[in-house]
Every structure is written in C-alpha cells, then in structure tokens.
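Everything on this sheet refers to the single structure shown next.
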Amino acid sequence: MRLTRYFIPTVKEVPSEAECASHQLMIRAGMIRKVAAGVYDLLPLGLRAVRNVEQVVREEMNRAGGLETFLPSMIPAELWEETGRWQFYGKELLRIKDRHDHEFCYGPTHEEVMTDIVRREVKSYKQLPLTLYQIQTKFRDEIRPRFGMMRAREFMMKDAYSFHTDEDDAAKGYERMFKAYEAVFKRAGLKFRAVEADTGNIGGNSSHEFMVLADTGEDTIVSCPACSYASNVEKADVPSPGPYAAAAPEPMTEVATPDQRTIDEVSAFLKRPSASFIKTLIYTVDDKEQVCVLVRGDHEVNEHKLKRILDATTLELAAPEAVLKVSGAQPGFVGPQALKIRIVADHAVRGMANAVTGANKDGYHVVGVNEGRDFKAAAHHDLRNVKPGDRCARCQKADLEFHKGIEVGHVFRLGTKYSKAMRAVYLDKNGKEQIIVMGTYGIGIGRVAAAAIEQSHDDNGIIWPWGLAPFQIAVLPLNVAKPDIAEAAAKIEEELEAAGYTVLHDDRDERAGFKFNDADLVGYPIQVIVGDKGLKNGEVELKIRKTGERLNVKLDGLKEKLRETAAVLAAS
RNA sequence: CGGGAUGUAGCGCAGCUGGCUAGCGCACCUGCUUUGGGAGCAGGGGGUCGGUGGUUCGAAUCCACUCAUCCCGACCA
C-alpha cells in the first residue's frame, strides 16, 4: 500500500483531551477521531488494528467450537422485560423509541437476544451443547467515558454464549472458553492475568476477568505470591479474622465533636486511631428499606459483597434526609446504638471493644461502644475491601499483592438465570423438560487494541505487537525524487506484499526525518529504509521498532532476513 | 448526579479590565532551494470567536440562558 493513496492523518501535537498513552497515540497515529463523548471514528489504520484483533478472536472462538452470528444492535424492550433487566440495568442502558412509540434499547450485551434464538430453535438435548458468538458494536451509556477506546460508550465487543444440558457440561464449556481466551491474549502479545471477579450486572454463579497488567488500568486486582489465588478487589475475600481480644467494657460516654464528620477528622480531633472507630453507614436497599452497615473505621465497605449478602438489586448510600429519619442525626454523626433498622456488620467489628462511633446527635460522637451491650448486629459477614497488608484468604501464607489492570475479557457461568426467566428448555433423553444451562463470554475488541498500546509504546510512539500491527512493515524511501530509490522501494513493496506481509510504502515526497518520526509514531514493527548510501552497495537498512536495532541487508537476502526477524517478533 | 474548568482557523494556544482590519505556532496551498531523525526563504488560503438573547454608539471581550467538551468526586457517616 502506498501512503500517498492511503489515509494516515498523524498529528504532532497531543490533543488536550487525551490523558492516557493509548488514547493520545491512537489519535496522533491517525487511528481514531472523536465524534462525541465516548464515541469514535475508526480511521483506516485504526480499523486495520481492530480487524486484526477480531481475526485472532474469531479464529480462537471457532477453534473452541463457537459459531459466528450477527444479532441486531436494536433490541425490543419486551425481551429485556422478560428477564427484568429493562428495569434493573439502569441508566447505562440507552433506551430509544421508534415512530410507533415502541421501546427499544441499543444492546449493551445480548443474553436475551441469544437466549431467544435458542429457546425458539433448540428443542432437544441432541442439539446441545451450542456456542454462538458475534463481533458487534455495543452501546453502554457510561457515567463517565474516558481514556478513548479504553472506556468508550460505543465499542466493539465479541460476545459468546454457550448453552448446555447441565452444570457439568457448562463447566466444560467454561473451561474450553477460558483456554480460548488465554490463547487470544497470548496471540495479541499481552501480559495478562485471569482473576476471580464479581458478576455484576450480568449475574450468574462464578466468573473470571482477564486483566491486562498496566498502571493506567481502572481496576485493582490482588494476587497471592504464595498460591495461585488472584482476584479483582471487588470480589477478593478477606481472610477470616483471628480470635478476639477481650477488653473490659467501659461506660458509653458522649463527647462533643463539633463539625467533625469524617473518620479522619474525628480521629484527629479525639486523638484515637481510625481502627478504633466503627464506621456506620446507612444504605437504601432496593429503593425502599434502610439498612445499617458497620465496618471498622480504617476499612472500606465493599458494595459488591454487600449487595450479594443483602440479595439486593439496587444499593445506594441513603440520602441525608433518610439518614436523619432513621438516626436522628446528619451523616457523620450516626452510630448503631438504638437504631431500629437492620444492622449488618463486618467480621472485624465483632472484635472491637470500647469503640468510637457517632452519637446519633449532630455534633457528638460516643466512646466506649461495645457490641452486645450497646447495639446488636443481625449478622456478621465479610463486607470490606481487602487492603494492603491483608493475608491471602486462600492459603494464609503471604500478603496479597496489588496491581492495576485493564479488563479485556470476562467469562461467566450463568447457570439458568436467563434460560429460566425466558423459558429456554429442552427435552432430555427421557422426554423430560429441562432448563438449559448457560455461559456468557465477552472480549472488548477495541480495548484489546488500546491495552496493547498501553503496554507497548515509548516516547516516540506505538510499538505494535506483530500479531496486531495494522501494517507489519514500513518501506521508507528516503528521497523519492531520485528514481533509483523510488523504483527500488516500489519493487520491495511489491515483493514483500507478494510474500504475504502487510506493507505500507511511504512514497510521500517528504524528508527523511519526517518519515522516520511518522513511522516510529505509527509503530510498524519493521522499517525497511531505502537510502542512497545503502543502495549503492545493493543494500537496504532494517530497523526493528521494538529494539531500535538496525542492520544493513543485501537486497537479495532481504526476504530471508525478514522471515527470521518476523519469526522472532511473532514469538516475542 | 455533585463540584471545577474550558469552548477563538484542521490541531495547540494568545487576545477577554468593552475600542482599530481577530492574532501566533504547527498543519494546508504555490514557487525556489533543500533531502538519513518532524527543513529554509518568499508568497497565499482558511474564522457566523460554541449557540441564543440582552446591555451598549460599539461585544470574542460584560450579563443571562443554553449546548458541548474535559477534569475531579460520587466511600460522607
């Protein structure tokens, strides 16, 4: 491909809106342009990279027995009403009305649609298992889209759905998909880690996320250096607490703490460590009931765990008016004593003696609070986030390590959540009706491309992994005004394309430095530099983008050398 | 949703205490020179100053509303 007939609008200056490396570089390298918040044009170069990701994914899905489909992006409300998600998915679901006032949503995921196909067409155990997938544009109306393709509202996703006769078979399907995912991310050249994850909006029994390790990642993951345990913090178990220290209970005493609301403020004001506080939070559950949640002052509530334990559909911190109503005080001065609502507490609260908490009276806290005497929790659970210094809950042998990660894939064992709601059933060998057991598996296509850049770039630009590079080789004639250089470059382009490489021939009438910088920015893994000096000796220069290594190669040995180099790059 | 900020040429920005023809760098076009790490000189094109309304002799500049974008927060008890 000749660059003068192609379209790679590179830019020198960094657009002010882009913060992270992949976002900046995708704009600068002429891959994407923004149209609206979280909505992007994919320019030719960007599309080539995305297509490469797709292709890797497609091949591995097919290898795992998946069958490709293509479902509508507009989904009628009725399907989502069947599973209840029309109501519960919230504002992330973009809802649209057609001219007849019929309600639709722009699909953020397709469990309902895929299950609808299967319930209509699959009747017998003989038709199972079945794995269907698609690669398609999704829309999620994110609160705050950011980081370009990393968290866009409109994005490309591969979503696969598997349908099974029973849990055992579903487990096998899950395993097969898990392996396929490992193969995909390996081929994409990513450093990644599979971690246990919360099932969130999708639901189901268990799930793993595939995380690309990168400091700019939005998720925090923990892993144990001593065993194989790895988890998203949203899900990570806190080790069960040790024996409780007994201490003689002191009388409960009110102390004035004017304008001191946060734990930090009160802790400094009273000169008591935050770990001696009971943090008292009032949550509104499913928009009706208020529940009091207690954790130690230096701990954070994990709302994913809380939601699961309360079996809640929605969960939010109660509004100040609601807090006032149940406690008689403003947020910041609430304590569990004498509250009439349900109290759930973290395990760590059980061991606390003579704690500090709000007095349920504005401007006051109480000290000497003891569970049993002063309040009683309905139950104790693991309700908090793990934090640095916590031991691995699995093996108890080492402290957890914390990393940042970008979620590029997520696999779920769904059980019968959707098939039951939508009555997707089959007849077993005995002619008895059974509910289909499902799995669902997603990969963010654009996110994989962005993550690859995030993980592989330098000050000069992108360094594409061989398998994703929009073009594998750039041919750079240094002076196209000289016919012998231009002709040699054209010939090399032709021959390398014939040999099966994707080649971008920068035939623009530009200066050498300009072309070098552009090529480094775009990130072609290999540059073939055609210049005066080398050509006199029948040589061209190879530059490896990743290592910066340069070597002179005889023209007749070029293909052989490229074969070797490509093999090394493809393997790394 | 709460807080903060910003909208001036394709991109990055200046101008903004009301006052001349709205400017600078990059990019773009023409010509000459140049040609191994984002060239030099000369000439040139490109703007409803986000939108609407107001104040004024006069508005990019002041006021109101509105739209868009970005940042931070949404764990405060």
Side-chain angles (χ1 to χ4, degrees), chain A residues 9-20 23-24 27-28 30 33-39 90-91 143-148 257 259-267 274 277-283 290 292-295 297-304 306 315-320 322-324 326-336 339 356-365 383-385 387 459-461 476-482 485-486 506 508-521 527 529-535 540-541 543 548 550 552:
Chain A
T10 56
V11 286
K12 243 189 284 185
E13 278 166 300
V14 184
S16 53
E17 77 212 31
E19 324 109 81
C20 71
H23 190 191
Q24 290 178 359
I27 292 171
R28 290 190 53 212
R33 289 292 185 264
K34 190 177 73 174
V35 177
V39 179
K91 289 190 178 152
I143 299 174
R144 191 144 93 83
R146 57 187 128 181
F147 304 133
T257 50
D259 295 325
Q260 313 293 313
R261 290 165 174 271
T262 67
I263 297 272
D264 282 349
E265 285 165 2
V266 183
S267 165
S274 56
F277 283 63
I278 296 175
K279 194 187 277 188
T280 310
L281 297 96
I282 309 296
Y283 276 91
Q290 266 79 42
C292 171
V293 178
L294 306 179
V295 295
D298 58 331
H299 290 158
E300 290 176 352
V301 170
N302 180 315
E303 292 188 356
H304 298 92
L306 184 59
L315 185 69
E316 54 190 351
L317 280 166
V323 174
L324 186 65
V326 299
S327 73
Q330 293 290 327
F333 302 106
V334 180
L339 289 189
V356 186
T357 189
N360 293 325
K361 183 167 147 193
D362 287 353
Y364 290 88
H365 281 73
L383 289 177
R384 70 170 175 96
N385 283 333
K387 60 177 207 170
D459 291 346
N460 297 322
L476 309 179
L478 294 189
N479 187 344
V480 295
K482 298 199 170 163
I485 294 183
D506 189 350
R508 293 175 300 178
D509 185 10
E510 290 288 353
R511 302 165 66 86
F514 189 91
K515 292 189 182 187
F516 289 144
N517 283 318
D518 242 21
D520 285 351
L521 173 61
Q527 296 171 17
I529 300 160
V530 187
D532 242 346
K533 294 179 225 159
L535 215 51
V540 291
E541 186 176 324
K543 179 184 162 185
R550 295 158 180 278
N552 292 314

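In the text below, chain A, chain B and the rest are named by the order of the sequence lines, each starting its count at 1.
Between the C1' atoms of B:G47 and B:C63, the separation comes to 25 Å (whole Å). For B:U48 and B:U17, the C1' atoms lie 27 Å apart once the distance is rounded to whole Å. Between the P atoms of B:U30 and B:U6, the separation comes to 40 Å (whole Å).
Heavy atoms of A:Val14 sit under 4.0 angstrom from primed sugar atoms or phosphate atoms, though from no base atom. The residue A:Asn302 sits close to a base: some heavy atom pair falls under 4.0 Å. A:Lys91 comes within 4.0 angstrom of nothing in the nucleic acid, heavy atoms only. Among the protein residues, A:Ala318 comes within range of the nucleic acid bases, having at least one heavy atom under 4.0 Å from a base atom. Using a 4.0 Å heavy-atom cutoff across all strands shown, A:Val334 reaches sugar-phosphate atoms only and no base atom. Nucleic acid contact for A:Asp518: base, since at least one base atom lies under 4.0 Å from a heavy atom of the residue. Residue A:Arg28 is classed as a base contact, given a heavy-atom separation below 4.0 Å to a base. Within 4.0 Å of A:Thr262, counting heavy atoms only, lie sugar-phosphate atoms of the nucleic acid but no base atom.
Scored by the salt bridge (Lys or Arg N to Asp or Glu O under 4.0 Å) test, A:Glu510 finds no partners at all (sequence neighbours excluded).
At a cut-off of 3.5 angstrom, counting only N and O atoms as typed in the model, there is a donor on one side and an acceptor on the other between the side-chain of A:Glu541 and the base of B:G36.
Mapping A:Gly38 and A:Pro331 onto RNA chain B by nearest heavy atom places A:Gly38 at the nucleotide closer to the 5' end.
Pairing of B:C32, defined by two Watson-Crick or G-U wobble distances under 3.5 Å, is identified with B:G40.
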Can you give me the N/O atom pairs linking the protein to nucleotides 72-74 of chain B at distances under 3.5 Å, or say none if there are none?
| residue | atom | partner | partner atom | Å |
| --- | --- | --- | --- | --- |
| B:C72 | OP2 | A:Arg144 | NH1 | 2.8 |
| B:C72 | OP2 | A:Arg144 | NH2 | 2.3 |

